[in-house]
Amino acid sequence: MKKYIITFAIAIMAGTSHAQLPVYLDESKDLEVRVEDALSRMTLNEKIAVIHAQSKFSSPGIQRLGFRDFWTDDGPHGVRPDVLWDEWEQAGQTNDSCVAFPALTCLAATWNPEMSRLYGESLGEEALYRGKSMILGPGVNIYRTPLNGRNFEYMGEDPYLASRMVVPYVQGLQSKGVASCVKHYALNNDENYRHQVNVIVDDRALHEIYLPAFRAAVMEGKAWGIMGAYNLYKNQHNCHNEILLNKILKHDWKYDGVVVSDWGGAHDTDQAVRYGLDMEFGTWTDGLTMGKTNAYDSYYLADAYKQAIRDGKYTEKELNDKVRRVLRLFFRTTMNSHKGFGFLCSESHYSAAKQIAEQGIVLLKNAPRSGKKSKPLLPLGVKDMKRILIVGENAIKMMTVGGGSSSLKVQHEILPLDGLRQKLNELNPNIVVDYARGYVGDTVQSYNGVTVGRSLYETRTAAELCAEALDKAKEADCIIFFGGLNKSDYQDCEGHDRKQYELPYGQDELVEALLSVNPNLVLVNISGNAVAMPWYGRVPAIVQGWFIGSEAGKALSNVLVGEANPSGKLPFTWPSVLNDVPAHRLNAYPGIWRPNHDIIDEEYKEGIFMGYRGVDKYKTKPLFAFGHGISYTTFNIGKATASATTLSIPEAQMTYLDGAIPPSGSINITVPVTNTGECAGAEVVQLYVSDVKSALPRPEKELKAFKKVFLQPGETQNVTLTIGCDALSYYDDAQQKWVMEPGDFVALIGNSSDNLKQKVKFSLASTK
């Protein structure tokens with residue numbers, strides 16, 4: 001009915017019969033036929049209009065031809081509240097709240113692609129209800145340093161893990177008729193001076209580490225949008241970059257979607273025309289600084305481009321390519337009559353948010369309580385306790401507010417203190433749950449017009465807060481400390497990196513003081529980043545709680561009391577000290593100012609040897625390894641067997657270009673996994689591949705397959721992991737190709753990068 005009304009109205013306007021309707025409205029026609037038909041009807045003014053913004057978050061449709069305006073909105077963790085047409089101020093609506101889903105570090109920590117699909121579908125339904133046709137996310141920039149203020153929006157350090165997690169997110173979101181806009185392409189791995197950083201990186205690291213997740217989103221996920229990054233590569237801004245956009249994205253990967261500028265990421269009309277930008281968005285005249293309001297016609301792809309075409313500087317060839325991409329986007333979203341109406345703040349979305357959070361929370365350490373020799377401190381034995389003390393500002397601070405463009409206006413956010421109090425009193429009505437703030441980190445009451453749900457104003461001194469916490473700690477059976485970072489400037493926040501690896505606001509000293517009066521302490525670290533833990537050896541239980549959105553208090557309390565068994569695994573290496581991070585060890589961060597230029601050259605000196613690859617190369621010992629995470633039950637991964645001992649590939653297929661489909665052929669590795677404990681739980685079986693000998697240096701091992709398996713006590717399942725040709729390849733920068741070398745390989749199987757007890761040898765052979 002909806003489609004009939006639209007087509008009938010346009011038929012009347014055009015004075016045609018129903019049989020003569022324009023091809024671009026007929027959804028039975030091939031997409032490209034519809035695109036070409038619509039393009040042929042557009043004027044120069046209409047073509048220019050659709051490739052740049054008309055407001056903070058929208059670009060115009062084609063009113064004369066029946067195309068609606070196109071609305072974007074920030075993600076990637078929820079649908080951002082609406083702002084005024086030409087201002088960043090809140091629009092003051094009452095129907096633009098949302099469900100906040102866990103930040104993407106938590107999603108990656110689930111190591112479960114099914115959770116990514118659920119995430120994308122749920123977010124897509126919220127976006128549909130709000131009338132949004134593109135969500136600006138997900139983010140898949142690589143976790144290169146724990147100081148990056150925006151790491152919480154990304155999917156960790158490993159390109160394979162990020163690739164497997166981004167594809168179902170994109171597919172789930174777009175299954176609802178809402179475009180993804182995968183960001184920030186590419187090499188946007190720190191926030192300081194992000195508009196001025198010129199990344200210098202070798203081609204191997206570029207293709208093996210920093211591009212695979214984007215490639216997977218495009219080639220497997222079929223992403224409809226890609227957002228260019230603020231930084232530079234080879235001295236060109238990435239929103240109009242000849243190599244990244246024209247050569248790799250559009251030529252090698254055959255990308256048919258749009259390239260959207262990050263807000264204010266365009267800098268030059270000529271480069272924007274020639275080097276791959278399709279839609280320009282921003283804030284003021286140049287997207288960065290104050291200018292005249294409603295200045296969108298002054299954008300680089302607006303009047304300046306149109307006049308240059310009229311002056312003969314350009315033909316419409318480049319313009320038509322951009323408009324074709326925009327029209328494909330329109331037909332996939334605003335003109336898609338098959339998409340639904342969506343849901344806002346539904347029970348299913350809250351359920352999804354809690355499920356993702358519970359699967360992503362990581363139990364880092366779990367030792368016995370003081371005076372007990374066998375039973376770990378977690379899960380909390382609530383029925384045997386009389387008094388629990390909760391300490392820390394992060395127990396009462398809303399983490400959905402702040403942090404930059406991912407800040408949200410939620411219908412509700414259950415705070416850890418409230419969720420835990422309710423849960424503890426349900427399990428033991430007689431228990432006393434006390435609270436002490438302990439430290440002050442942030443008393444800001446609002447962000448971008450959204451106010452926090454509980455006042456953080458504080459008049460007491462740090463000494464008074466500490467003294468209160470210590471007095472209450474002496475009487476408690478157990479202390480639960482909610483600390484870590486927050487989403488304020490220089491913490492986990494867009495625009496700046498962290499200034500230190502240590503916890504801020506005197507938290508380390510407070511933890512040490514609490515331990516001196518009561519050693520039964522559970523530390524819940526709320527952050528999107530690793531932090532220094534000088535007290536690690538004295539704290540019996542440590543939980544990584546992430547920023548987990550609307551259901552934070554429920555998910556954390558369920559894990560702490562054992563109603564949910566933690567099954568998350570770290571998506572990044574947790575270094576003991578900052579200097580163990582290769583980028584810092586080699587003084588490769590944050591870069592060097594170029595003399596007489598407003599540019600920072602940041603050389604990725606570590607190349608491919610970052611994260612756990614760097615741990616193996618430099619023989620450092622992290623506090624927690626990549627892939628680490630323990631459970632309330634125990635698992636045994638049995639003897640691994642392979643489907644074959646040799647994988648044979650025709651010699652002519654041993655090299656292939658980037659963007660090409662790797663040769664067919666694979667080996668399956670099967671391991672039995674048994675839950676040997678007393679409660680149900682999930683284990684993540686991880687498979688790493690080691691190349692025994694290669695012409696170019698390779699990491700000691702690399703993640704190439706994983707599977708999350710849920711088991712009842714005593715249950716055994718056989719888990720099969722597949723090693724394809726792409727898992728055996730490396731990028732040869734001399735040949736500019738992916739290369740497989742005949743020789744011996746070893747598959748290493750276990751449950752973290754430092755616990756790989758099962759090994760299977762196999763070989764790769766070439767055939768004539």
Side-chain angles (χ1 to χ4, degrees), residues 76 104 136-145 148 150-151 153-163 165-167 169-170 180-191 193-221 223 225-255 257-263 265-267 271-272 275-278 494 583 588-589 591 600-604 606-608 610-611 658-659 731 733 736:
L104 293 190
L136 304 176
V140 290
N141 294 104
I142 292 297
Y143 188 108
R144 180 174 174 252
T145 165
N148 181 6
R150 214 164 179 181
N151 276 336
E153 290 189 48
Y154 302 145
M155 295 188 179
E157 74 179 37
D158 185 73
Y160 181 81
L161 175 62
S163 296
M165 297 301 288
V166 71
V167 169
Y169 179 117
V170 169
S180 65
C181 189
V182 185
K183 62 187 187 183
H184 303 89
Y185 182 78
L187 302 165
N188 190 177
N189 305 308
D190 49 81
E191 286 293 290
Y193 305 105
R194 57 186 176 168
H195 300 280
Q196 297 147 294
V197 170
N198 178 54
V199 174
I200 302 170
V201 61
D202 65 72
D203 283 349
R204 279 197 71 194
L206 177 69
H207 285 273
E208 292 188 19
I209 304 295
Y210 298 100
L211 292 186
F214 290 103
R215 183 175 64 237
V218 168
M219 298 190 68
E220 297 178 56
I226 293 287
M227 180 184 289
Y230 281 133
N231 54 288
L232 299 88
Y233 169 67
K234 291 191 180 294
N235 299 303
Q236 286 183 344
H237 280 94
N238 287 357
C239 286
H240 33 67
N241 190 287
E242 184 176 16
I243 294 175
L244 290 179
L245 298 179
N246 282 354
K247 182 186 182 299
I248 296 176
L249 179 65
K250 293 185 174 180
H251 179 270
D252 294 349
W253 299 351
K254 306 297 188 293
Y255 177 62
V258 298
V259 173
V260 175
S261 74
D262 203 340
W263 268 228
H267 296 267
Q271 291 193 24
Y275 296 152
L277 180 62
D278 299 313
E494 179 182 358
Y589 167 91
I600 298 176
D601 288 317
E602 185 171 352
E603 183 179 359
Y604 288 20
E606 70 276 15
I608 60 174
M610 45 77 65
D658 192 50
Y731 191 81
D733 48 0
Q736 293 288 296

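Only heavy atoms go into these numbers, but all of them, side chains included; no hydrogens, no water, no symmetry mates.
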Review point. Can you find a heavy atom in the side chain of Tyr185 that is under 4.5 Å from one in the side chain of Tyr210?
Key: no

Review point. His240 side chain to His267 main-chain N or O, any donor-acceptor pair under 3.5 Å?
Key: yes

Revision key, fill the gap. Distance col, row Glu191:CD vs Arg150:CZ, nearest 0.5 angstrom, shows 5.5 Å

Review point. Side chain of Asn238, backbone of Ala186: donor and acceptor closer than 3.5 Å?
Key: yes

Check your understanding: Between the main-chain N or O of Val259 and the side-chain N or O of Asp278, is there a donor-acceptor pair closer than 3.5 Å?
Key -> yes

**Study point:** Within-4.5 Å side-chain heavy-atom neighbours: Val197 and Leu232
**Key:** no

Check your understanding: So how far is it from Leu187 CG to Leu211 CG, rounded to the nearest 0.5 Å?
Key -> 6.5 Å

Review point. Any donor and acceptor pair, going by atom type alone, linking the side chain of Lys250 with main-chain N or O of Lys247 inside 3.5 Å?
Key: no

Practice item. Let me see the working for His207 and Tyr731 under ring-ring contact (aromatic ring centres under 6.0 Å, His included), right down to the final yes or no. Key: CA-CA 7 Å; His207 285 273; Tyr731 191 81; 4.0 Å; yes

Revision key, fill the gap. Separation between CZ (Phe214) and CD1 (Ile142), nearest 0.5 Å, reads 8.0 Å

Exercise for review: Report yes if the side chains of Met227 and Leu136 come closer than 4.5 Å at any heavy-atom pair, otherwise no.
Suggested key: yes

Exercise for review: Might you work through the side chain to side chain contact (heavy atoms under 4.5 Å, CB included) test for Ile248 and Trp253, ending with a clear yes or no?
Suggested key: CA-CA 6 Å; Ile248 296 176; Trp253 299 351; 3.5 Å; yes

Exercise for review: Please step through salt bridge (charged side-chain N to carboxylate O under 4.0 Å, His left out) for the pair Lys234 and Glu242, ending with a clear verdict.
Suggested key: CA-CA 9 Å; Lys234 291 191 180 294; Glu242 184 176 16; over 6 Å; no

Study note, to complete from the structure: Rounded to the nearest 0.5 angstrom, the CH2-OH distance for Trp263 and Tyr230 is 8.5 Å

Exercise for review: Output, in order, the C-alpha distance, side-chain angles, deciding distance and verdict of salt bridge (charged side-chain N to carboxylate O under 4.0 Å, His left out) for Lys183 and Asp262.
Suggested key: CA-CA 9 Å; Lys183 62 187 187 183; Asp262 203 340; over 6 Å; no

Review point. Got Pro76 and Tyr169 here, is their nearest side-chain heavy-atom distance under 4.5 Å?
Key: yes

**Study point:** Closest approach of Ala217 to Val167 (non-hydrogen atoms, all atoms of both residues)
**Key:** N-CG2, 4.4 Å

Practice item. State whether the side chain of Gln736 and the backbone N or O of Asp733 hold a donor-acceptor pair below 3.5 Å, judged by distance alone. Key: yes

Check your understanding: What's the spacing between Asn246 CG and Leu277 CG if we round to 0.5 Å?
Key -> 10.5 Å

Check your understanding: So, for Asp202 and Ala205, which heavy atoms are closest and what is the spacing to 0.1 Å?
Key -> OD1-N, 2.8 Å

Review point. In Å and rounded to the nearest 0.5 Å, what is the CD1 to CD1 distance from Ile600 to Ile200?
Key: 11.5 Å

Check your understanding: Are any side-chain N or O atoms of Ser163 and backbone N or O atoms of Pro212, one a donor and one an acceptor, separated by less than 3.5 Å?
Key -> yes

Exercise for review: Kindly determine whether Leu161 and Met155 satisfy side chain to side chain contact (heavy atoms under 4.5 Å, CB included), including the steps that lead there.
Suggested key: CA-CA 8 Å; Leu161 175 62; Met155 295 188 179; over 6 Å; no

Point to revise | Side-chain donor or acceptor of Asn241 paired with backbone N/O of Gln236 under 3.5 Å | key: yes

Exercise for review: Go through Arg215 and Asp658 one step at a time and tell me if the salt bridge (charged side-chain N to carboxylate O under 4.0 Å, His left out) criterion holds.
Suggested key: CA-CA 9 Å; Arg215 183 175 64 237; Asp658 192 50; 3.1 Å; yes

**Study point:** Main-chain N/O of His195 paired with His237 side-chain donor or acceptor, under 3.5 Å
**Key:** yes

Check your understanding: For Tyr604, is the NZ or CZ atom of Arg144 found under 6.0 angstrom from the centre of its six-membered ring and inside 45 degrees of the ring axis?
Key -> yes

Exercise for review: Check for a donor-acceptor pair, side chain of Asn151 on one end and backbone N or O of Thr145 on the other, with a separation under 3.5 Å.
Suggested key: yes

Exercise for review: Locate the shortest heavy-atom distance separating Pro138 from Val166; write the atom from each residue and the value.
Suggested key: CG-CG2, 3.6 Å

Practice item. Please determine, by modelled atom types, if Asn198 and Asn235 share a side-chain donor-acceptor pair under 3.5 angstrom. Key: yes

Review point. Are Leu104 and Glu153 close enough that some pair of their side-chain heavy atoms sits under 4.5 Å apart?
Key: no

Review point. Can you name the nearest heavy-atom pair linking Ala229 to Asn188, along with the distance?
Key: CB-CB, 3.8 Å

Review point. So do Tyr275 and Leu245 actually touch side chain to side chain, heavy atoms under 4.5 Å?
Key: no

Check your understanding: Between the side chains of Tyr154 and His184, is a donor N or O closer than 3.5 angstrom to an acceptor N or O?
Key -> yes

Practice item. Look at atom OH of Tyr160 and say whether more than 12 heavy atoms of other residues, nucleotides or ligands are closer to it than 6.0 Å. Key: yes

Exercise for review: Would you indicate whether the side-chain heavy atoms of Cys181 and Ile226 approach each other to under 4.5 Å?
Suggested key: no

Check your understanding: So Arg204 and Ile608, side chain to side chain contact (heavy atoms under 4.5 Å, CB included) or not? Walk me through it.
Key -> CA-CA 7 Å; Arg204 279 197 71 194; Ile608 60 174; 3.5 Å; yes

Review point. Looking at side-chain heavy atoms only, is the closest gap between Asn189 and Glu602 below 4.5 Å?
Key: no

